[in-house]
*Asks:* 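Below you'll find the structure I mean.
Side chains are part of it too, since the values below use all heavy atoms of this structure and drop only hydrogens, waters and symmetry mates. Order of the sequence lines fixes the chain letters, A, B, ..., with proteins taken first and strands second; residue numbering starts at 1 for each chain.
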2 protein chains.
Amino acid sequence: MARGSFREQMLKVREDAIVSSVNRFLAEKGFDLMTVDEVAADVGIAKASLYKHFASKEALASAAMVRVLERACEVIGLQAARLEAGALERLREVTRWVLQMHLAGQMPTLPSQNSTLRAELLGHKRYLELLMQASEQLGAWIVQAQADGAIDRSLPPELVLYTLYARACDPVPLVLKAGGQYRHEEIVEFVLRTCFSGLASRPS
Amino acid sequence: MARGSFREQMLKVREDAIVSSVNRFLAEKGFDLMTVDEVAADVGIAKASLYKHFASKEALASAAMVRVLERACEVIGLQAARLEAGALERLREVTRWVLQMHLAGQMPTLPSQNSTLRAELLGHKRYLELLMQASEQLGAWIVQAQADGAIDRSLPPELVLYTLYARACDPVPLVLKAGGQYRHEEIVEFVLRTCFSGLASRPS
DNA sequence: GTCTATAGCCAGATAGAC
DNA sequence: GTCTATCTGGCTATAGAC
């Protein structure tokens, strides 16, 4: 695909700035509490101009979700290229990235049940494609890790997948961060441990 | 404390009905998407009448949160009375109750950082008392379970506490429920297993 | 305490000039 | 495409009769 004219590149840069702003607000306050006014103010353009780029508030949020999914697929691709790593280790590294994004305030949160946003996303082709791409690769690793005996074989693979996805909206990391007692890396290690090894002691 | 007049008892019954309705809406759609209009319609009284009982939408939500905390403290009290049970088993049973409430659509979600609701709750004496009461009992069991070697000693007790609290807003049970493939009891067992034992296989 | 009716506000979306 | 100004609808909360 060609680069497009200078004018088009400028447009792309602006839209990137908008999506970045939306991404941050979604991570900070969620879809319902985010207002289009504050996004416009943050980007430094008029609200009406925003609507020339994106048709609705839902379209703004969708764009942010697509971008984070694109990055997630990149991270998954990087792990797929690590030929020496096992399936469990790859899953752990992807989960680590999710937690780091979350702690950095850059993981947009999908409000569990907003009908309008849900409808928009379910009709968004690229979003669904990316979500399926990520799920298929992660699902394959989960099955492989179970075959390796690294993940509990009695757990349904979809449960494992959802449990990993849920790390993106787990309140625990942010509560620990708010407490101010631990560094980000410590929090990430703690949550990874509770996720993969659970709360109970390993038998020695 | 005396029972109060017949009139007062009728009032209490009505307020109970209001709180039950609020509780269900909070569990279904959350604070932001819940409207006072639909609560009034659900209870079958006029909106203005609602405001005779509760001063604001935040007061409605607070009342629901207090009631669920009261029930949680009752469950904790029941476990405290089981003299034969160990600390880990008590924690597991309380967590099981949380998951059952959640799956039944009766666990009000107090998610998202809504400033007005947060402010109301932080100024609500009974809410804070109940939350502290629950946290102290659970915290004592966590420390005991670590001393018993039943919970990983290298995890900070507060991390364990938050991880258990987080089961009240974990999306995984509801996603599995929506999938329709598992019975509620199976979902509860799966999530309890991932929570306490993690995803990884136990060494055999 | 219950109702009908409405005030007041805020946020999403649009009109129209430039 | 950008702006200012405005429309529109929905929501919280209240006034006032009964």
*Asks:* Rounding to an integer number of Å, can you tell me how far B:Asp32 CG sits from C:dA11 P?
*Replies:* 12 Å
*Asks:* What is the minimum heavy-atom distance between B:Arg167 and B:Val191, and which atoms define it?
*Replies:* CD-CG1, 4.4 Å
*Asks:* Picking from D:dT12, C:dG12, C:dC3, which would you name as closest to the side chain of B:Ala46?
*Replies:* C:dC3
*Asks:* Do the side-chain N or O atoms of B:Arg14 get closer than 4.0 angstrom to the phosphate oxygens (OP1, OP2) of C:dG1?
*Replies:* no
*Asks:* Measure NZ/A:Lys57 against P/C:dA13 and give the value in whole Å, please.
*Replies:* 8 Å
*Asks:* In terms of side-chain geometry, is the basic nitrogen of B:Glu15 or B:Lys12 positioned less than 4.0 Å from the acidic oxygen of its partner?
*Replies:* no
*Asks:* Would the number of heavy atoms belonging to other residues, nucleotides or ligands and lying under 6.0 Å from CZ of A:Arg82 be above 12?
*Replies:* yes
*Asks:* What is the separation between atom CG on B:Leu50 and atom C1' on C:dT2, rounded to the nearest whole Å?
*Replies:* 12 Å
*Asks:* What is the distance, to the nearest angstrom, from the OH atom on A:Tyr51 to the C1' atom on D:dT8?
*Replies:* 13 Å
*Asks:* Among C:dG1, D:dC11, D:dA13, find the nucleotide with the atom closest to the side chain of B:Thr35.
*Replies:* D:dC11
*Asks:* Looking only at side-chain atoms of A:Lys47, point me to the closest of C:dA13, D:dT12, C:dC3.
*Replies:* C:dA13
*Asks:* Report the distance from atom CZ of B:Phe31 to atom C1' of D:dT12, rounded to the nearest whole Å.
*Replies:* 10 Å
*Asks:* Measure NE2/A:His53 against C1'/C:dA13 and give the value in whole Å, please.
*Replies:* 16 Å
*Asks:* Mind checking if A:Met34 touches a base, just sugar-phosphate, or nothing, with heavy atoms under 4.0 Å?
*Replies:* sugar-phosphate
*Asks:* Taking OP1 and OP2 of D:dC3, is either one under 4.0 Å from a side-chain nitrogen or oxygen of A:Ser49?
*Replies:* yes
*Asks:* Please give, in whole Å, the distance from C:dG12 C1' to A:Leu60 CG?
*Replies:* 11 Å
*Asks:* From C-beta outward on B:Ala48, which listed nucleotide comes closest to its side chain: D:dT2, D:dT12, D:dT14?
*Replies:* D:dT14
*Asks:* Is there a donor-acceptor pair under 3.5 Å between the side chain of A:Lys57 and the backbone N or O of A:Met34?
*Replies:* yes
*Asks:* How many Å lie between CZ on B:Phe25 and C1' on D:dC11, as a whole number?
*Replies:* 15 Å
*Asks:* Counting side-chain heavy atoms from CB outward, which of D:dA13, C:dG1, D:dC3 is closest to B:Arg7?
*Replies:* C:dG1
*Asks:* Looking only at side-chain N and O atoms, does B:Ser201 offer a donor or acceptor that is under 3.5 Å from a partner on A:Asp152?
*Replies:* no
*Asks:* C:dG1, OP1 or OP2 - any side-chain N/O from B:Lys52 closer than 4.0 Å?
*Replies:* no
